[in-house]
Each structure stands twice: as C-alpha cells, then as structure tokens.
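Structure first, then comments.
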Amino acid sequence: MFEFGWPWMFACLVLPWVFRRFLPPVTGINQGVLFAPFINAYQEKTATIISRFQLRSMRTWGLLACWFLLVTAAARPQWLGEEAELPETGRNLILAVDVSGSMEIADMGDGRTNRMEVVKQVAGDFIRRREGDRIGLILFGSEAYLQTPLTFDHNIVASLLQDTVIGIAGRETAIGDAIGMALKHMRHLKHLQDDHEEAVLVLLTDGANNAGHVQPRKAAELAAQQGLRIYTIGVGGEAREMQSFFGMRMVNPASDLDEETLSVIADLTGGQYFRATDRDTLQSIYGQLDELEPTLKGSRVVRPTTELFIWPLGLGLIISFMLAVRWWRAG
C-alpha cells in the first residue's frame with residue numbers, strides 16, 4: 001500500500017504564492033530606451049524578447065515542478081508491505097558456558113560422552129524452546145568472550161553452541177570474568193532496552209574460579225546492583241567407587257567444583273543454584289528454569305516500510321540541472 005508519512009508537508013506548496021502575494025516585489029533597474037533605426041534590427045530585437053519570454057516561462061514552470069517534487073519528497077512517500085507478526089518479550093537471557101579443559105571428562109552418562117557434548121544437547125533444546133526471548137551466548141575458560149549478542153535468532157545461538165570447541169577460550173576457569181562480560185553487554189544495550197525488561201544469566205561450569213581479573217563474588221555484587229539475576233549450574237558426576245590396582249577407591253570427578261561460590265552468586269542476585277550430575281538431572285534443571293523464568297509470549301504487528309523519497313528528490317535534481325544548463329546557454 002502506498003502512503004505519505006508526513007502528508008501535512010503538502011501545506012508548504014502554497015509558500016511561493018504567499019511570498020509573491022505578501023512580500024514587496026524586487027525593484028528593478030530602470031534602463032533607457034533603445035531605438036532601432038532599421039526594421040531588421042527591430043525584428044531581431046522582437047525575436048530576442050520572445051525567446052527570453054519563452055525561456056522565462058519555461059524556467060518558471062520548471063522551478064514550480066522542482067518545488068512540487070521537493071515538497072513531495074519531504075512528505076515521505078513510502079510503500080507499506082504485508083503485515084508481519086513479531087514476537088515480543090520483556091526478558092534478555094544470556095547463557096554463559098564453561099569451555100575449560102575439564103569439560104572433556106566423560107562422567108555424565110554412558111562414559112563415552114563428555115560433559116561438553118551433554119551440555120550442547122540439553123542447552124541447545126533449552127535455547128530452541130525459549131520462544132520470544134532475546135538470547136545471548138558467552139563462552140569462558142581462561143578468558144570470557146561474547147560469542148553471540150542478544151538476538152531473537154535462536155537457531156544461530158544453538159548452532160554456535162554446537163560448534164563450540166573445548167579449550168577455545170583457554171583451559172582454566174574465569175567465572176568472575178564471565179559475569180563481568182554479561183554485565184558489560186547489558187550496559188552496552190541499556191539504551192535500547194525498556195525499563196521493564198528483565199535480564200537473566202544462566203551460568204554453567206564444572207570448576208572453580210582460578211583465572212581472570214574479577215572475583216566471582218564481587219562480580220555477583222555488581223550484578224545484583226544492576227538487576228541481573230543469575231542462575232548457576234554446577235556439572236560433574238557423583239563420587240563413586242572404582243576398582244584400582246590397590247583395590248576399591250572412592251573417586252569424585254567433580255572435586256574441583258566450587259559449589260559454595262556458585263550458591264553465593266545465585267543468592268546475591270536473587271537466582272538459584274542447581275547441581276547436575278548426569279544428562280537427566282541437567283534436563284530437569286533447564287525444565288525448572290522454564291518454570292522459574294517462563295517465556296512471556298506476546299507479539300506485535302509490524303509492516304515493513306520502504307521509503308520512496310529518493311525518486312521525487314532525484315527527479316527534482318535532474319530538472320534543476322537541466323534548467324541551469326539551459327539558462328547558462330541562453331545567457
């Protein structure tokens with residue numbers, strides 16, 4: 001459908017008439033009378049006057065056409081496309097996933113699938129069902145970096161999570177830096193967010209903070225001040241007895257997990273700490289997150305708009321250029 005965004009601009013069409021009607025005319029310079037003693041010279045003069053009159057008339061109409069096209073461009077002609085329904089939500093959700101070297105341990109299932117593969121499968125399903133949320137992805141090891149900014153394109157986030165390689169951010173664990181990265185991204189987007197929008201961070205790790213520049217508790221305090229709610233998930237298999245050369249011994253593959261710090265982070269920010277020991281418990285945790293942070297289903301109808309002002313503006317420019325060339329030749 002075609003329409004004008006600012007149709008009231010057409011009121012400016014009368015401005016040339018207003019100026020001519022109410023402003024005093026420009027006083028010309030009086031010239032003496034030139035007498036032509038010969039008829040041929042008189043005829044040539046008459047032809048010149050007629051030619052100049054035609055040129056002046058053409059220039060007047062050309063200027064009026066330029067003015068009309070300029071006002072038309074200012075009225076913002078536009079083409080409205082078909083209506084489209086876009087999801088809306090008041091929540092920004094960031095996933096921070098530990099990709100340190102310990103995620104290679106295969107203790108959360110059949111003994112052949114490592115922790116990272118289990119997280120990819122379960123978290124990928126969680127991402128795809130968060131319809132309407134903006135989702136971002138942070139990967140952290142020795143360093144933390146933003147893999148995906150907040151976006152409605154959940155397939156991209158899930159795909160980039162599936163392509164994640166263990167150790168890509170270093171072999172250690174910087175939990176504090178991961179929280180700091182989430183805060184930095186939220187501050188960067190603050191001017192684009194509404195006051196009612198909620199910010200949530202789901203941080204998953206299998207270790208303790210042993211790298212980075214920010215202490216986890218200090219980062220959690222800053223998150224609480226800025227309204228970032230953090231849910232923490234500690235992953236790693238349960239302690240079990242295993243046969244060794246010296247007999248049966250107790251092995252705890254999650255001995256490096258700092259559950260106390262993860263609990264403090266969640267408590268300080270109004271979140272909750274979860275412990276995942278296998279695939280089923282991790283799936284259950286993400287199911288609980290769906291209940292704690294339900295998707296706020298809503299939508300708004302938009303129509304893609306194509307601005308067309310360039311066409312009348314360009315045509316007016318061409319006409320003005322042609323008038324300038326003709327006036328220069330006639331002069």
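We use all heavy atoms of the structure for the numbers below, so side chains are in, but hydrogens, waters and symmetry mates are not.
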Heavy-atom neighbours of Phe321 CZ exceed 12 at 6.0 Å: no
Any side-chain heavy-atom pair of Ile94 and Ile135 under 4.5 Å: no
Results of salt bridge (charged side-chain N to carboxylate O under 4.0 Å, His left out) for Glu260 - residues two or more places apart only: Arg217
Main-chain N/O of His213 paired to Asp177 side chain as donor or acceptor, under 3.5 Å: yes
Pair Tyr145 + Phe140: ring centers closer than 6.0 Å: no
Any side-chain heavy-atom pair of Leu137 and Leu161 under 4.5 Å: yes
Asp278 backbone acceptor or donor facing Thr281 side chain under 3.5 Å: yes
Within-4.5 Å side-chain heavy-atom neighbours: Ile138 and Gln147: no
Any Phe4 side-chain heavy atom under 4.5 Å of Phe10 side chain: yes
Salt bridge flag under 4.0 Å for residues Glu104 and Arg115: no
Modelled atom types, side-chain donor and acceptor of Ser100 and Asp98, under 3.5 Å: yes
Leu228 vs Leu183 side-chain heavy atoms within contact, under 4.5 Å: yes
Euclidean distance, Ile230 CD1 relative to Gln272 CD, rounded to 0.5 Å: 14.0 Å
Side-chain touch Arg171/Ile166, heavy atoms, less than 4.5 angstrom: yes
Validation row: Gln215, Asn209 side chains within 4.5 angstrom (heavy atoms): yes
Residue pairs passing the side-chain hydrogen bond (donor to acceptor under 3.5 Å, both in side chains) test where at least one lies in residues 306-317, sequence neighbours excluded: Arg76-Glu307, Gln78-Glu307
Beyond-backbone contact of Phe2 with Leu80, side-chain heavy atoms, under 4.5 angstrom: no
Side-chain ion pair, Arg130 and Glu293, N-O less than 4.0 Å: no
Pairs involving residues 99-136, ordered by first then second residue, that meet ring-ring contact (aromatic ring centres under 6.0 Å, His included) (sequence neighbours left out): Phe126-Tyr286
Test item: Lys184 side-chain N/O and Ile179 main-chain N/O as donor-acceptor pair under 3.5 Å: no
